[in-house]
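Because only heavy atoms are used, hydrogens play no part in the values below, and waters and symmetry mates are left out as well, while side chains stay in. Lettering follows sequence order; numbering is per chain, from 1. These numbers come from a predicted model, not from an experiment.
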Amino acid sequence: MRYKHKVISPYSNLNKSLSMVRRIQFRKFLNHKILKIISEKCKNLLKMILEDLKREGIGIIVRKNPGRSLKFIILDVNGKEYEIDVENWEECEVLKKFPLLKILVRNEVVGKPPKDIEPAHVKVMRKLELADYEPMSDVGHLRFYPNGTLIHDLLQDFAFWKIVHPLKCMKVDTPALYRANYPRVKELCGKFDARIYKLKVDNVEFVLRPAAGDLGVFEMLSKATISWKNLPFSVYDYSHCYRLEQRGECTGLKRNRYFWMPDIHSFCKDWEEGKKIFEELSYAYSRLMDALNIEYAFAWRVVKDWYPKLKDLILRILKNVNKPALIELLPGKKHYWVMKNEWQAIGSDGFNAQISTVQLDLENSERFGIYYIDKDGKKKGCIIVHSSIGSIERQMYAILETAVKREKEGKLPMLPLWLSPEQVRVIPVSERHLEKCVEICEILEKNKVRVGLDDRSETVSKKVFEAKRSWIPYIVVIGDKELKSGKLSVVKRELSTVKKDYKEEMTVEELIREIREKCGDMPFRPMYVPREMSKRISFVPWGGD
RNA sequence: GCCCCGGUAGCUUAGAGGUAGAGCGGCGGCCUUGUAAGCCGCAGGUCGCGGGUUCAAAUCCCGCCCGGGGCUCCA
């Protein structure tokens with residue numbers, strides 16, 4: 001630890017002045033005071049102390065206010081509660097059985113351990129030619145290569161076909177740019193002023209939307225005619241969002257200033273209906289995590305007074321999802337919701353990142369200007385369930401981090417098959433085998449398999465090496481032997497280890513059947529790059545690992 | 001936004017005041033290849049940008065930009 005002195009402060013808005021104090025501290029070294037300031041009421045006192053410290057040149061670290069929440073508990077699937085003792089949190093019994101939850105608890109309760117390594121997915125996203133930093137743009141605006149764009153699009157397809165469509169949401173589209181002085185915009189963006197992109201055009205101030213839905217959808221619905229017969233209904237907005245995240249926070253796909261957010265807002269006539277939708281969305285998001293093969297822990301934040309009334313619902317969801325959860329009980333209502341849940345992906349670096357979330361807003365929608373006409377002919381506000389499937393970039397972050405974790409078990413890292421940009425790579429031993437390979441590729445393509453053909457004049461060893469480097473799930477080598485037998489020699493990545501390949505002889509039909517089975521009814525898109533390796537561009541040339 | 005570290009060819013990097021080096025990749029040729037990198041040759045560099053110190057700066061100093069890590073925050 002560089003500083004001998006700490007101020008524990010809940011006031012991030014004092015950061016600027018704190019930074020100045022810190023700068024002075026570098027030239028002078030002083031006392032050994034540790035100050036803990038937790039109460040809201042200490043704001044002025046804190047300012048005064050800061051002035052004093054500034055004069056003395058004492059260094060400062062701002063820490064998360066430990067008095068923020070009332071308490072943390074773990075609720076297991078049997079309904080048993082375990083209160084977390086902040087001092088001896090590791091003693092908690094359930095945590096010993098659920099390592100992912102334990103990591104989440106550590107991060108939330110005692111803070112993340114510092115690590116000097118970049119998260120694993122940053123190298124992977126470049127190596128697999130998925131995404132990259134874009135020097136011409138602002139920090140946190142990534143560019144996506146064809147393979148990354150394909151995954152991005154498939155995740156969008158999943159959101160639509162597997163979540164939005166079954167839940168019968170109405171899909172809408174709304175602008176990214178809004179007038180800064182419009183009351184609705186002022187209210188939403190005012191709270192997060194520091195993170196809003198602002199621009200001036202012809203002397204008019206504009207902001208870029210920081211989230212999907214909240215601006216455009218609410219405005220749209222405030223002008224709509226809604227009857228009690230229409231309730232409940234859900235609206236889906238898939239939009240690019242802009243948040244001026246702090247520079248040091250934008251690392252790879254973990255957090256960006258530009259990202260795509262699939263959001264669902266559900267409007268219900270009472271809170272029983274709200275709870276029902278809350279539950280449905282929760283199960284949909286749980287299926288998303290499974291489909292993406294993301295390792296996650298379950299977190300909930302509940303306003304204390306509401307917890308007894310909502311515990312049954314929480315428990316039912318935990319049972320169905322079969323996961324215990326960390327529940328943070330909040331002393332009061334800080335946001336518009338009284339309860340929210342969060343699917344927290346745990347990265348290979350031991351960090352957590354929220355993917356999906358469902359938020360139950362039991363206040364009615366009047367403050368958003370959204371009303372429906374009830375049976376009695378009176379205008380009434382409805383209950384809103386706010387939810388986000390989770391930004392596509394975050395989903396990609398979590399998929400890559402989970403994939404990398406396989407290495408720790410001696411397995412090879414890989415993406416879920418339905419998301420692998422290239423599912424099969426066909427390698428001819430020499431030129432005279434090329435014709436047969438093309439034939440096989442065409443059969444595979446007809447059966448919705450993404451297949452690449454390494455038609456370059458390279459040795460088999462090299463072609464296999466490169467296929468493995470690209471995490472290709474199935475590598476097929478075709479030579480005289482295969483021409484004769486009519487079978488394929490297939491290396492399956494899923495069953496191979498770092499030390500040994502898992503090889504199997506199979507017919508084209510068997511390979512197709514296996515791939516179709518594993519992909520199930522997940523969305524499909526063809527490859528975004530040419531089938532032939534000789535025709536492909538190298539976006540991120542390899543310079544050795 | 002602040003603190004620490006870094007930026008040399010497309011990529012990974014060596015060089016720490018005195019003529020810019022390598023590996024991989026690329027291109028050309030040879031090889032027709034049997035499961036983690038075939039052989040030879042060629043091209044490729046305002047040493048992140050700007051200013052300063054010096055006879056001389058990739059190298060030292062200042063500012064900026066970009067990247068990584070950390071703190072803080074996260075609708």
Side-chain angles (χ1 to χ4, degrees), chain A residues 1-3 6 9-23 25-26 59-65 111-119 122-123 126-127 133-139 187-192 194-196 209-215 241 243-252 255 261 263 334-337 340 349 353-354 357 359 386 388 412 425 427-434 456-469 475-482 489-491 496 498-501 503 537-545:
Chain A
M1 177 99 16
R2 198 163 182 113
Y3 307 103
K6 291 181 198 169
S9 161
Y11 301 108
S12 58
N13 54 358
L14 289 172
N15 263 7
K16 258 188 190 158
S17 47
L18 290 177
S19 306
M20 285 165 65
V21 177
R22 234 186 264 175
R23 186 174 263 179
Q25 192 266 343
F26 273 105
I60 285 171
I61 290 170
V62 184
R63 282 221 169 267
K64 193 182 264 187
N65 172 12
K112 297 157 193 165
K115 289 202 176 168
D116 290 332
I117 46 157
E118 66 175 6
V122 179
K123 277 210 170 68
R126 304 191 72 246
K127 177 177 150 175
Y133 296 113
E134 172 53 74
M136 280 199 300
S137 186
D138 189 12
V139 174
E187 200 206 321
L188 183 85
C189 297
K191 264 199 266 179
F192 306 97
R195 280 187 234 307
I196 301 292
R209 71 170 154 221
D214 301 42
L215 285 172
C241 300
R243 293 183 190 178
L244 211 52
E245 299 292 3
Q246 296 173 84
R247 214 185 148 281
E249 271 295 341
C250 301
T251 299
R255 185 176 298 181
M261 186 70 104
D263 264 15
K334 188 183 162 198
H335 301 287
Y336 48 76
W337 44 263
K340 73 179 286 211
D349 51 359
Q354 177 190 306
T357 177
Q359 302 164 355
H386 308 250
S388 172
L412 296 169
R425 171 79 53 86
I427 297 173
V429 171
S430 76
E431 265 173 46
R432 68 175 181 281
H433 307 111
L434 200 54
R456 297 171 307 162
S457 170
E458 296 288 351
T459 60
V460 174
S461 291
K462 184 162 182 175
K463 290 194 268 198
V464 169
F465 167 71
E466 290 190 10
K468 285 179 180 171
R469 190 155 54 81
I475 301 170
V476 176
V477 176
I478 302 292
D480 292 338
K481 215 168 69 189
E482 287 74 20
S489 166
V490 184
V491 175
S496 299
V498 182
K499 287 180 187 154
K500 200 172 179 350
D501 288 351
K503 252 191 260 182
I537 292 167
S538 178
F539 290 99
V540 186
W542 184 55
D545 282 326

Assign each of A/Cys250 and A/Gly479 the nucleotide of RNA chain B bearing its closest heavy atom; nearer the 5' end lies the nucleotide of A/Gly479
Just checking A/Glu187: does its CD atom have more than 12 heavy atoms from other residues, nucleotides or ligands closer to it than 6.0 angstrom? no
Need one value for A/Gln359: base, sugar-phosphate or nothing, where a base atom within 4.0 Å counts as base even if backbone is also close, heavy atoms only. sugar-phosphate
Looking at the side chain of A/Arg255, which of B/rA75, B/rA36, B/rC73 is the nearest nucleotide? B/rC73
N/O donor-acceptor pair under 3.5 Å between A/Arg243 side chain and A/Pro210 backbone: yes
Taking atom C1' in both B/rC3 and B/rC42, what distance in whole Å separates the two? 47 Å
All N/O pairs under 3.5 Å across the protein-nucleotides 38-44 of chain B interface:
{"unit_1": "B/rG38", "atom_1": "OP2", "unit_2": "A/Thr459", "atom_2": "OG1", "d": "2.9"}

Among the nucleotides B/rU35, B/rA36, B/rG25, whichever has the atom closest to the side chain of A/Val477 is B/rU35
Taking atom types as they are modelled, is there a donor-acceptor pair under 3.5 Å from the base of B/rG34 to the side chain of A/Glu482? yes
Provide, to the nearest angstrom, the distance between the CD atom belonging to A/Glu431 and the P atom belonging to B/rG34. 14 Å
Per-residue pairing states of RNA chain B in dot-bracket (Watson-Crick or G-U under 3.5 Å; . unpaired, | other strand) read ((((((((.[[[[.)..(..]]]].(((((.......))))).....[[[[[..)....]]]]])))))))....
For the side chain of A/Ile196, counting heavy atoms from C-beta on, which of B/rG34, B/rC74, B/rA75 is nearest? B/rA75
Applying a 4.0 Å non-hydrogen cut-off, can you work out what A/Arg243 is touching in the nucleic acid: base, sugar-phosphate, or nothing? base
Taking the same atom, C1', in B/rG45 and in B/rA14, what whole-Å distance lies between them? 15 Å
For a side-chain contact (heavy atoms from CB on, under 4.5 Å) with A/Phe465, tell me which candidate from A/Lys463, A/Arg469, A/Lys468 qualifies. A/Arg469
I need the A/Cys241 SG to A/Asp214 CG distance, nearest 0.5 Å. 9.0 Å
Both A/Leu412 and A/Phe539 contact RNA chain B. Which one's nearest nucleotide lies toward the 5' end? A/Phe539
Atom pair SG/CZ of A/Cys189 and A/Arg209 - distance to nearest 0.5 Å: 11.5 Å
Which part of the nucleic acid, if any, lies within contact of A/Val540, taking any heavy atom under 4.0 Å across all strands shown: a base, the sugar-phosphate backbone alone, or nothing? nothing
What nucleic acid atoms does A/Lys481 come within less than 4.0 Å of, heavy atoms only: base, sugar-phosphate, or nothing? base
Would you call A/Arg432 and A/Asp480 a salt bridge, taking side-chain N to carboxylate O under 4.0 Å as the test? yes
In Å, rounded to the nearest 0.5 Å, how long is the span from CD of A/Glu482 to OG of A/Ser489? 5.0 Å
Can you tell which of B/rU33, B/rU35, B/rA36 lies closest to the side chain of A/Ser489? B/rU35
Would you mind telling me which of B/rU35, B/rG25, B/rU32 lies closest to the side-chain atoms of A/Arg432? B/rU32
Considering only heavy side-chain atoms of A/Pro119, the closest of B/rU35, B/rG69, B/rC73 is B/rG69
Identify which nucleotide among B/rC73, B/rG10, B/rG69 has an atom closest to any side-chain atom of A/Thr251, counting heavy atoms from C-beta outward. B/rG69
